[in-house]
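See structure below.
Only this structure's heavy atoms are used, side chains among them; waters, hydrogens and symmetry mates stay out. One-based numbering, in listed order, for ligands and for the atoms of each.
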Amino acid sequence: MKSPATDRPIITTEKLSRHFDKAVAVESLDLSVDRGEMYGLVGPDGAGKSTAIRLLCGILKPTGGSGTVLGFDLVRETEQIKGRMGYLSQNFTLYGDLTVDENIEFFADLHGVKGFQKRRDELLDFTRLTPFRRRLAQSLSGGMKKKLALACTLIHTPDLIFLDEPSTGVDPVSRGEFWNILSGIMEQGVTIFMTTPYLDEAERCHRIGLMHKGRIFMTGSPEEVKAAMPGQIYNIECPTPPAAYKALREFWPSTRLVLYGDRLHFWTPEGANELDKARACLEERGLGPVRHSKVAPSLEDAFIALLGQGESA
Ligand SMILES: Nc1ncnc2c1ncn2[C@@H]1O[C@H](COP(=O)(O)OP(=O)(O)OP(=O)(O)O)[C@@H](O)[C@H]1O
Ligand SMILES: [Mg+2]
C-alpha cells in the first residue's frame, strides 16, 4: 500500500467543485495546506464549508476538479483517505446510552484500533474527562460532549483531522478550553483543517480561507487578510449612534457600516473625502457633535469589506 507523502502539502486541490443538480455548493477550490498547519475555512451559513470538508474527507464525490489528501487521490483513493484521517462532523452524534469510556471504545473498534486503552487514557486526561469516564454521554454538558467527540475522532492517532464547526453551541469558557486542547493536538504534529462561522476563532488559525457562495474569495494568514482590506475604517462617535446609523444607511449599504452600542464603524474605500460626506450628513440632521478616529480593521471588518468588494466587482 502506498505510504502517505511527506514531502508535499497534506491537502491540495485544483478547481475542486461539487454541484447538487443546479445548486452550486462548492466551486473551484484551489487549496494547499501544509503539514502541521491549522487551516480555517470561514464563512456564513450555507457558504459550502461542510460540503468542502466532506469532499476532502472522501465522503462526497466531486463533480469537478481534482485533489489529493495525505498524498491520496480524492476521487480514486477515498478509502485510503478515510482510514487515515479523523473527521468530526457538524452533526457528530455520540451514543447517549453509552458511557464516556464506551463511546471511545466504540470508535476504537470502528477504526480497528487494537490495544486502545492507553491511548484512551491519554485522551481522557488530555480532554480532562477522566473524572467522568463512567458517566453516560447523554448526561454530559455541551462542552464535554464536544470534547468527548474530539477524543473519539483522535482515537486512531490520525495525522490530519477535519473539524466541522467544533465549537458551535459551546459556551465561551468551554470554547477557550477546547482551543487549548486543539493547541495541544497541534503540538503533537497533527494538521487541523477546521470550519468556523466565528471570526474571533479564525484569528487563531495559521491561515484562513474566506468562503462565500461556494467560493474561497481570499486566503492568507489573519494578518494578511486584514492587511488586504482596502480603504479605511473610521470610528464615529455621536450622541445617538442608532439614529446616525439610520441616517447613513440612506446613502451607504450595510456592508459599509457596523453599529455598536455607543459608536459605529464606517468603512470607506475612498478615505477622508467620503468621511467628510458622512460627517456632513450627520451634522446637517442635527445628529452631531460628531467625533471620528481611524481604527485598525478586525477580521470581521475585513471579511465584510472584501466580500462587498467581490460582490460589486
Ligand atoms: N445533499 C445536498 N443536496 C442539495 N443541496 C445541498 C446538499 N448539501 C448541501 N447543499 C447545499 O449546498 C450549499 C452549501 O451547504 P453546506 O452545508 O456545505 O454549507 P455550510 O457552509 O456548511 O453551512 P452551515 O454553516 O449552515 O453549516 C447550501 O446551499 C446547501 O443547501
Ligand atoms: Mg456546515
Under a 3.5 Å distance rule, please check whether Lys146 uses its side chain to pair with a backbone N or O of Arg175 as donor and acceptor.
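Such a contact is absent between Lys146 side chain and Arg175 backbone.
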
When you check the gap from the basic side-chain N to the acidic O, do [X] and [Y] get nearer than 4.0 Å?
X      : Y      : result
Lys226 : Glu203 : yes
Glu102 : Arg134 : no
Arg18  : Glu27  : no
Arg256 : Glu274 : yes
Arg204 : Glu201 : no

To which protein heavy atom is [atom] closest, and what is the distance rounded to 0.1 Å?
atom                    : value
atom 6 (C) of ligand 1  : Phe20 CD1, 3.3 Å
atom 25 (O) of ligand 1 : Lys49 NZ, 2.8 Å
atom 15 (O) of ligand 1 : Thr51 OG1, 3.8 Å

Going by the atom numbers of ligand 1, which of them fall below 4.0 Å from some non-hydrogen atom of [X]?
X      : value
Pro44  : 21 (O)
Ser50  : 17 (O), 18 (O), 20 (P), 22 (O), 27 (O)
Asp45  : 23 (O), 24 (P), 25 (O), 26 (O)
Glu165 : 24 (P), 25 (O), 27 (O)

Side chain, backbone, both or neither: the part of Met211 lying under 4.0 Å from ligand 1 by heavy atom:
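Neither; nothing of Met211 gets under 4.0 Å from ligand 1.
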
Residue selection (non-hydrogen contact nearest atom 14 (C) of ligand 1) among Gly46, Gly214, Gly43, Pro197:
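Answer by nearest heavy atom: Gly46.
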
Return the option from Gly48, Ala25, Ala23, Ala52 holding the heavy atom at the smallest distance from atom 19 (O) of ligand 1.
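It is Gly48 that holds the nearest heavy atom.
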
Looking at Phe20, I'd like to know if its CZ atom is crowded, meaning that more than 12 non-hydrogen atoms belonging to other residues, nucleotides or ligands lie closer than 6.0 Å.
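Yes.
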
Nearest non-hydrogen partners of Thr78 and Val75, listed with the distance:
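Closest pair (atom of Thr78, atom of Val75, distance): CG2-O, 4.0 Å.
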
Is any heavy atom of the protein nearer than 4.0 Å to atom 30 (C) of ligand 1?
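Not a single protein heavy atom is under 4.0 Å away.
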
Does the protein put any heavy atom within less than 4.0 Å of atom 12 (O) of ligand 1?
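Within 4.0 Å of atom 12 (O) of ligand 1, protein heavy atoms are found.
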
State yes or no: are the ring centers of Phe162 and Phe193 separated by less than 6.0 Å?
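Yes.
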
Ser50 backbone or side-chain N/O/S under 2.8 Å from the Mg ion (ligand 2):
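Yes.
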
Look at the N, O or S atoms of Thr195, main chain and side chain alike, and state whether any lies under 2.8 Å from the Mg ion (ligand 2).
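Thr195 does not place any N, O or S atom closer than 2.8 Å to the Mg ion (ligand 2).
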
